Amino acid sequence: MKLVTAVIKPNQLDAVKEALHALGVAGLTVSEVQGYGRQKGHTEVYRGAEYTVEFLPKIRVEVVTDEADVEKVVDAIVGAARTGRIGDGKVWVTGVEAVVRVRTGERGLDAL
Amino acid sequence: MPEAPTIDGANTVWLLVSTALVLLMTPGLALFYGGLNRARGVLNMMMMSFSAIGLISVLWWFYGFSVAFGADVNGLWGDPGAYLGTGTFLAETDLWGATAEDPSGIGVPLYVFMAFQMVFAVITVALISGAISDRARFGGWLLFAFGWATLVYFPVAHWVWGGGIIGGDLHALDFAGGTAVHVNAGAAALAVALVLGRRLGWPREGMKPHNVPLVALGAGLLWFGWFGFNAGSELTVDAVAGLAFVNTQLATAAAVLGWLAVEWVKDGRPTLVGASSGAVAGLVAITPACGFVAPWAAVLLGVVAGAVCALAVGLKYRLGYDDSLDVVGVHFVGGWIGSLWLGLFATNSVNGAIGDVVGASDGLFYGGGLTQLGRQALAGLIVTAWSFAVAWLLAVAIEKTIGFRLKPEAEAGGIDIAEHAESAYDLSPAGGGGAFALAGIGTPGDAAGAGPASGERAAPASEERAAPVSGEPAAPVSGERAEPASGERAVPASGERARSVGTKVAG
């Protein structure tokens, strides 16, 4: 099993969710995060004082999936999250050793 | 033959309404300052305003009103025994301004006049707090508020309005508080900010406003209440009250435009913080002038005050003093502009009291020469010097005795937690336990009574979460919603938490 983690623009979350749903992904976890890549931040001015806001709001999407489906999931996320402008985000894949469904105690792929 | 004393219903009603309007300005100020502050100090910032309402109201009743408006003793203060708190003024003859020849005065009961002036004292003290956000110990603030009101505001109100040296002897004009309120509070704010020093990390770290809608709401409440402050200061229901009302609106509107214009040109973007600040700058500047100038002069004053204050708030970065929320840049500078404006544009043609009552001259542009401008400048200098000096000495004395500046570690963790053990925003569902420790119920884990009984404070992390649920521990246990009788419905997040913690107690 693999954990696919994507950090995307908040506005693209709906599109990513729809794309994953279309693939049959049964569930995902979303969190609000902040960060920056090459895009850096923006500046705000209050009473003449300039503030550099480096950390921008982003959404982190996490999906645990069968190894066989990883490429499809990654492609779906990348396709849906891309706007072509700087700051679209990153997707990475890591290995997962075990998964347990809390309600039933099922393990492994059955728990997904 | 003088007539019998008679209460004037219209004047009395207007002053009662104005009093309530002016009182609302202080909670409005709390929101304005609170929104401009960082999130971790918003409650302390608001507490400084609310505590001023508490403390100064009582002091005013006890001796403040006497010092400010009792019979003049020596030009510096009124007879402290005149209206000392133990007296009551219910007699028909207890009307403000009553004399042997004119037993009715303005026909307003002393109680009403005293209450109206009380709320001016309250907000003047509260204004100072904007300069010292995030770093002043609360006890030190209360002591400072007590000392400054007693030694500065009460006498200065006497100098300006009570027949003392500025209004009575110098013949300087101040309709509603340009010198007595704004220059006065601004000078004190600078002194205390200098004594306390900069916030940790200022100006390198960003300390931007945490809630701009609160800033706008606060500015709106100030604007609303300011009609009572300015038009109420006429004390009677007449054409000058109408003039003061209209001038207040015009100058404030023009100042919004003035501030935004400077921002747009200088910083590239007009901001809501700028529009709100411009409104306050305009309100400050028109305060001394509202009943003494023609409407066109009020519009011009607003534009100038908005633009100049928008530039003045940058001074602290050049000069290196941490006047956190720009009390100096807005109130001190705006108060000075409005006071000097009278030396240029005051005219007896809009308000006969200028010559007849205060004995002042018309402004420069109305053929009065430089006389009045000089008087206005001298009045401003006197108030600035006295307020700054006393505030400085008070702040140093408090710092050397009980300590005024918060300890660095407490400041880094946030003054709300350190001084008040509460936090403004609890938006996380992972709030956590410890709620019942403070309520004295205890949890299974610390049945031995390691809670408040030991005399120790709970760790800040748990204390900060305690407030939302500790008041109603019984309801969640039953699995029901918190009792509506408690005055407020528990929000879902805290309700959830209460339920889970409650279950633990029940088990």
Side-chain angles (χ1 to χ4, degrees), chain A residues 3 5-14 16-17 20 25-64 83 85-87 89 94 96 98-105 111, chain B residues 32-33 35-38 130 201-212 215-216 219 259-260 262-278 280-281 306-318 322-330 333 427-430:
Chain A
L3 169 66
T5 304
V7 172
I8 62 171
K9 284 182 172 170
N11 278 344
Q12 303 307 115
L13 176 60
D14 274 348
V16 168
K17 188 190 69 186
L20 290 174
V25 171
L28 69 162
T29 301
V30 168
S31 38
E32 295 178 33
V33 295
Q34 292 182 311
Y36 65 84
R38 294 183 191 175
Q39 170 193 18
K40 297 300 178 190
H42 63 264
T43 57
E44 298 176 9
V45 183
Y46 296 97
R47 285 186 169 173
E50 206 168 273
Y51 297 89
T52 306
V53 179
E54 287 173 329
F55 297 106
L56 299 174
K58 297 284 176 188
I59 296 286
R60 180 174 57 204
V61 180
E62 289 165 304
V63 183
V64 180
T83 67
R85 284 184 294 276
I86 197 162
T94 48
V96 173
V99 176
V100 183
R101 188 189 307 279
V102 172
R103 177 170 53 86
T104 60
Chain B
F32 181 71
Y33 280 167
L36 285 171
N37 208 61
R38 286 183 294 181
W202 187 91
R204 189 176 45 78
E205 275 177 32
M207 298 184 181
K208 63 175 192 173
H210 90 283
N211 189 331
V212 178
V215 175
W259 190 299
L260 288 183
V262 167
E263 271 194 340
W264 216 328
V265 171
K266 190 167 79 65
D267 308 326
R269 292 281 201 289
T271 68
L272 182 56
V273 166
S276 306
S277 308
V280 174
V308 172
C309 290
L311 296 169
V313 293
L315 277 178
K316 64 181 179 182
Y317 299 107
R318 291 174 189 274
D322 182 9
D323 169 21
S324 314
L325 310 179
D326 301 306
V327 185
V328 176
V330 174
V333 172
L427 303 175
S428 161

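Remember, it's a predicted structure, so these values are computed and weren't measured experimentally. The analysis underlying the following values was restricted to heavy atoms, covering all of them including side chains, and did not include hydrogens, waters or symmetry mates.
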Contact residues of residues 43-51 of chain A (partner chain B; heavy-atom separation under 4.5 angstrom):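 So the qualifying residues are A/Glu44, A/Val45, A/Tyr46, A/Arg47, A/Gly48, A/Ala49, A/Tyr51.
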
Who passes side-chain contact (heavy atoms from CB on, under 4.5 Å) against B/Lys266, sequence neighbours left out? B/Val262, B/Leu311

Output all residues satisfying side-chain contact (heavy atoms from CB on, under 4.5 Å) with A/Arg85, sequence neighbours left out; order by chain, then residue number. A/Lys9, A/Thr83

With sequence neighbours left out, which residue pairs that include part of residues 28-38 of chain A fulfil the side-chain hydrogen bond (donor to acceptor under 3.5 Å, both in side chains) condition?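 Listed once each, the pairs are A/Ser31-A/Arg60.
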
More than 12 heavy atoms of other groups within 6.0 Å of A/Arg101 CZ: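 Result for CZ/A/Arg101: enclosed.
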
Counting heavy-atom pairs under 4.5 Å to chain A, which of B/Pro209, B/Gly314, B/Gly274 comes out on top? B/Pro209

Given the options B/Leu36, B/Asp326, B/Thr271, B/Val212, which has more heavy-atom pairs under 4.5 Å with chain A than any of the others?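 Most heavy-atom pairs under 4.5 Å with chain A: B/Asp326.
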
